[in-house]
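So the structure is just underneath, and the comments pick up after that.
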2 protein chains.
Amino acid sequence: MEQIKKERLESKGWKIGIVSDFLELTPEETIFVEIKLALSRSLKDRRQKMMTQVELASKIGSSQPRIAKAENGDDSVSIELLIRAMLATGATPKDIGQIIASVG
Amino acid sequence: MEQIKKERLESKGWKIGIVSDFLELTPEETIFVEIKLALSRSLKDRRQKMMTQVELASKIGSSQPRIAKAENGDDSVSIELLIRAMLATGATPKDIGQIIASVG
DNA sequence: CGTTGTTATACCAAATATGATATAAATACA
DNA sequence: TGTATTTATATCATATTTGGTATAACAACG
């Protein structure tokens, strides 16, 4: 969805850096991206305090590279994975809810 | 992930009805499912008050059948889609955060 | 310096989620 | 009742997300 817009620009010779800076997103799309980034940052914080990326990956049957992407806001990472990872760090629904509620 | 467990049982001759009832899920998996169901229910409530499934679908570039599945907790529906749909009903991050925080 | 532990990047095949379509079922209401 | 509107179910090709692997970059420390 962001991917489509990105490709449209790239095909016209544009080079994309930080996407959300000048790619026109609808307000909803912007919020969606911000929610993912907020979860991403929180995941990194929490995980760093208690384990390595390898350990977290194995807890949720994922891989270290994917955890790295999750923590770096790579947009190939879904909210699904972010939430599964958060839960594996011991985050409660309340924790996750607060992070999302704080967006915007 | 749930799918794998389901197939494992079905291959042994079991017939699955309401999955989460007797399929052993880890606490994290249970919470994850509950979050999706909570979003699902809230989506249905909100959407019904203001538009049809067709209208909501077109707002987010989806289809009516997929909205139906989203509202019925079909587990082919990702949290991604649930949140995009919620936002399209005007739900704020705060609204969504509260729904998630109330799980468990 | 080299070694060890950790995280980042690139690529890919397989799994999963998706929107589209067709159509059935349910609901409302004349 | 019949008919229009809305929602549910089934199928499917495509798109996206996934975990695995290899490997690079980086940091800590002897």
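In the text below, chain A, chain B and the rest are named by the order of the sequence lines, each starting its count at 1. Predicted model only: the values in this text are computed from it and were never measured.
- Side-chain nitrogen and oxygen atoms of A:Ser76 include none within less than 4.0 Å of the OP1 or OP2 phosphate oxygen of D:dT17.
- Taken together, the paired segments of DNA chain D that extend over three or more consecutive Watson-Crick or G-U pairs, each closer than 3.5 Å at both contacts, are C:1-30 with D:1-30.
- In this structure, A:Ile83 places its CD1 atom 15 Å from C1' of D:dT17, rounding to the nearest Å.
- By the side chain to side chain donor-acceptor pair (under 3.5 Å) test, B:Ser78 pairs with no residue at all, sequence neighbours left out.
- With contacts defined as side-chain heavy-atom distances shorter than 4.5 Å, the pair A:Arg46/A:Met86 qualifies.
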Return the polar atom pairs (N/O with N/O) between nucleotides 8-10 of chain C and the protein under 3.5 Å, or none.
residue, atom, partner, partner atom, Å
C:dA8, OP2, A:Gln53, NE2, 2.7
C:dA8, N7, A:Gln64, NE2, 2.8
C:dA8, N6, A:Gln64, OE1, 2.8

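- When atom types are taken as modelled, the side chain of B:Thr30 and the backbone of B:Thr26 share a donor-acceptor pair closer than 3.5 angstrom.
- Within the 4.5 Å cutoff, no side-chain heavy atoms of B:Leu87 are placed close to those of B:Ile60.
- Atom C1' of nucleotide D:dA28 and atom CD of A:Gln48 are separated by 16 Å, given to the nearest angstrom.
- A donor-acceptor distance shorter than 3.5 angstrom exists from the side chain of B:Ser40 to the backbone of B:Ala70, with no hydrogens or angles considered.
- Applying the salt bridge (charged side-chain N to carboxylate O under 4.0 Å, His left out) definition to pairs two or more places apart or across chains, those involving residues 47-59 of chain A are A:Arg47-A:Glu71.
- Rounding to whole angstrom units, CD1 of residue A:Ile79 and C1' of C:dA17 are separated by 15 Å.
- At a threshold of 4.0 angstrom between heavy atoms, the contacts of A:Ser63 include nucleobase atoms, whether or not backbone atoms are also involved.
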Between the protein and nucleotides 28-30 of chain C, which nitrogen or oxygen pairs are less than 3.5 angstrom apart?
none

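- Whole-Å rounding puts the A:Leu56 CG to C:dG5 P distance at 20 Å.
- In this structure, the side chain to side chain donor-acceptor pair (under 3.5 Å) partners of A:Ser76, at least two apart in sequence or on a different chain, are A:Asp74.
- When the side chain to side chain donor-acceptor pair (under 3.5 Å) test is applied to A:Glu34, no partner is found at least two apart in sequence or on another chain.
- For the pair A:Glu28/A:Phe32, no side-chain contact is recorded, criterion being any heavy-atom separation below 4.5 Å from C-beta on.
- To the nearest angstrom, P of C:dA17 lies 7 Å from CD of A:Glu80.
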Could you give the side-chain donor-acceptor pairs of residues 92-104 of chain B under 3.5 Å, partners two or more places apart or in another chain?
residue, atom, partner, partner atom, Å
B:Thr92, OG1, B:Lys94, N, 3.3
B:Thr92, OG1, B:Asp95, N, 3.0
B:Thr92, OG1, B:Asp95, OD2, 3.1
B:Asp95, OD2, B:Thr92, N, 2.9
B:Ser102, OG, B:Ile99, O, 2.8

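- Take B:Asn72 and apply the side chain to side chain donor-acceptor pair (under 3.5 Å) test, not counting sequence neighbours, and it matches B:Lys44.
- Taking atom CD of residue B:Glu55 and atom P of nucleotide D:dT6, one finds them 7 Å apart after rounding to whole Å.
- Look at B:Ser78 and you'll find a side-chain N or O under 4.0 angstrom from OP1 or OP2 of C:dT18.
- B:Leu43 has its CG atom 12 Å from the P atom of D:dT7, to the nearest Å.
- Rounded to whole Å, atom P of D:dT17 lies 12 Å from atom CG of B:Leu81.
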